[in-house]
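Structure, as structure tokens:
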Amino acid sequence: MFPASIVSYRKTARFGGFLTAGLLTLAVLCPSTRAAGQAASDWPTRRPAQIRPQASSGPLLAAATAGAGAGSRIVAVGEHGVILLSDDGSTYRQARSVPTRAMLTTVCFIDRNTGWAAGHDGVVLKTTDGGENWQLLRQQYGQEQPILSIWFGDASNGIAVGLFGMALSTSDGGASWSELKLASGDAADRHLYRILATPGGALLIMAEAGTVFRSEDGGKHWDVIDSGAKGSLWSALAFSDNGQSSVVAVGMRGHIVRSNDDGKSWQAVASGTTQSLTDVALLSAQQLVAGGVGGALLFSSDGGRHFTARQGAGDAPLTALLKTPGPGPAQLGLFSMAGVMKPLAAGTLLQPQP
């Protein structure tokens with residue numbers, strides 16, 4: 001989920017630095033700016049998404065891989081309910097049927113066929129055919145509480161998180177949702193940006209003010225952990241590093257923190273940049289890439305212990321990174337506020353910044 005997708009919502013003062021980063025372009029696109037009294041039946045995003053000739057050039061907020069290995073697919077989501085599909089990491093087309101024009105901020109898959117997407121207006125969508133067609137499971141049109149990240153551990157059990165501490169859980173594949181309490185006191189209404197599972201079996205939620213929520217029982221109980229980061233953590237990557245369940249999280253003003261113990265404790269990592277970082281991806285066992293505002297790209301060859309600047313990806317703010325599928329040399333898929341960008345070969349990232 002890219003933070004620009006939420007700038008028009010209330011309490012914007014809490015977002016601090018990224019409001020000054022020039023990321024206000026989506027404010028006029030957010031459905032919450034419409035008249036508050038508009039009837040839900042006439043809410044503009046209730047209409048199905050349109051097939052748009054330039055859809056791959058519009059703002060994209062998140063991307064995921066459906067399946068693994070041969071036959072896997074990239075699924076990217078963004079404004080106006082646009083969902084893009086690619087089977088080669090280079091060419092993209094829109095999904096056949098998407099029943100909403102709400103801005104979509106997050107997407108996840110548990111296999112080649114089954115996945116969920118979510119976003120503004122509390123929308124949750126589900127697909128069972130690899131992203132070709134989507135079913136609307138949940139909506140709260142006009143509600144100023146978007147879903148920013150969604151995760152499913154299997155076909156039944158999932159969690160969605162969003163602004164002001166909103167956390168929801170489902171045990172029936174998303175057909176129904178119930179509120180999930182993460183914390184009390186000041187931590188209770190932290191903005192929740194990204195939920196993910198670790199190789200060690202924990203669930204982590206990256207949040208506002210450097211906060212990390214951690215659960216070891218599938219989300220029933222949560223610990224509140226201070227990562228030490230001075231600002232929001234917008235994204236994270238969990239991976240196995242020589243048998244250790246490791247996590248690298250990135251966020252505002254170039255902050256990076258790393259955990260070697262499944263998210264229980266965190267250490268700061270020098271990024272060498274003050275550009276806010278929006279996502280981090282794994283290219284190989286030890287090769288990580290972080291990207292963010294202004295097309296910034298940082299590369300690590302030691303599992304996220306050190307990062308160095310690499311050739312930038314243009315001026316458009318990056319929103320999502322992932323390794324493209326396929327048997328050939330590793331490539332990094334890039335998604336931005338300007339849409340799909342040309343993928344970068346892993347070898348390019350090995351070259352120092354000119």
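Index from 1, following the sequence. Treat the numbers as computed from the prediction; the structure is a model and nothing was measured.
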Give me the atom names and distance for the closest heavy-atom approach of [X] to [Y].
X: Ala183; Y: Val224; answer: CB-CG2, 3.7 Å
X: Trp116; Y: Gly173; answer: NE1-O, 2.9 Å
X: Val75; Y: Ala66; answer: CG2-CB, 4.4 Å
X: Ala160; Y: Ile147; answer: CB-CG2, 3.9 Å
X: Ala197; Y: Trp151; answer: CB-NE1, 3.7 Å
X: Ala49; Y: His80; answer: CB-O, 3.6 Å

**Message:** Is it true that, when you exclude Arg96 itself, more than 12 heavy atoms of the residues, nucleotides or ligands shown sit nearer than 6.0 Å to its CZ?
**Reply:**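 Result for CZ/Arg96: open.
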**Message:** Are more than 12 heavy atoms, taken from residues, nucleotides or ligands other than Asp217, located less than 6.0 Å from that residue's CG atom?
**Reply:**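 For Asp217, atom CG is crowded (more than 12 foreign heavy atoms under 6.0 Å).
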Hey, are the side chains of [X] and [Y] touching, using non-hydrogen atoms and a 4.5 Å cut-off?
X: Val124; Y: Trp177; value: yes
X: Leu125; Y: Ile83; value: yes
X: Val212; Y: Leu233; value: yes

If the threshold is 4.0 Å, N to carboxylate O, is there a salt bridge linking [X] and [Y]?
X: Arg138; Y: Asp121; value: no
X: Arg305; Y: Asp241; value: yes
X: Asp262; Y: Arg214; value: yes

**Item:** Evaluation steps, side chain to side chain donor-acceptor pair (under 3.5 Å), between Thr308 and Arg310
**Value:** CA-CA 7 Å; Thr308 54; Arg310 287 298 184 254; 3.0 Å; yes
**Expected output: side-chain Thr65 to main-chain Gly67 donor-acceptor under 3.5 Å** =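 Checked: no pair found.
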**Request:** List the steps and the verdict of side chain to side chain donor-acceptor pair (under 3.5 Å) for Thr128 and Asn113.
**Result:** CA-CA 5 Å; Thr128 56; Asn113 296 315; over 6 Å; no
**Prompt:** When Ile, Leu, Val, Met, Phe, Trp and Tyr are grouped by side-chain heavy atoms lying under 4.5 Å apart, directly or through other members, which residues fall in the same group as Ile51?
**Reply:**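 Noted: Ile51 shares its cluster with no other residue.
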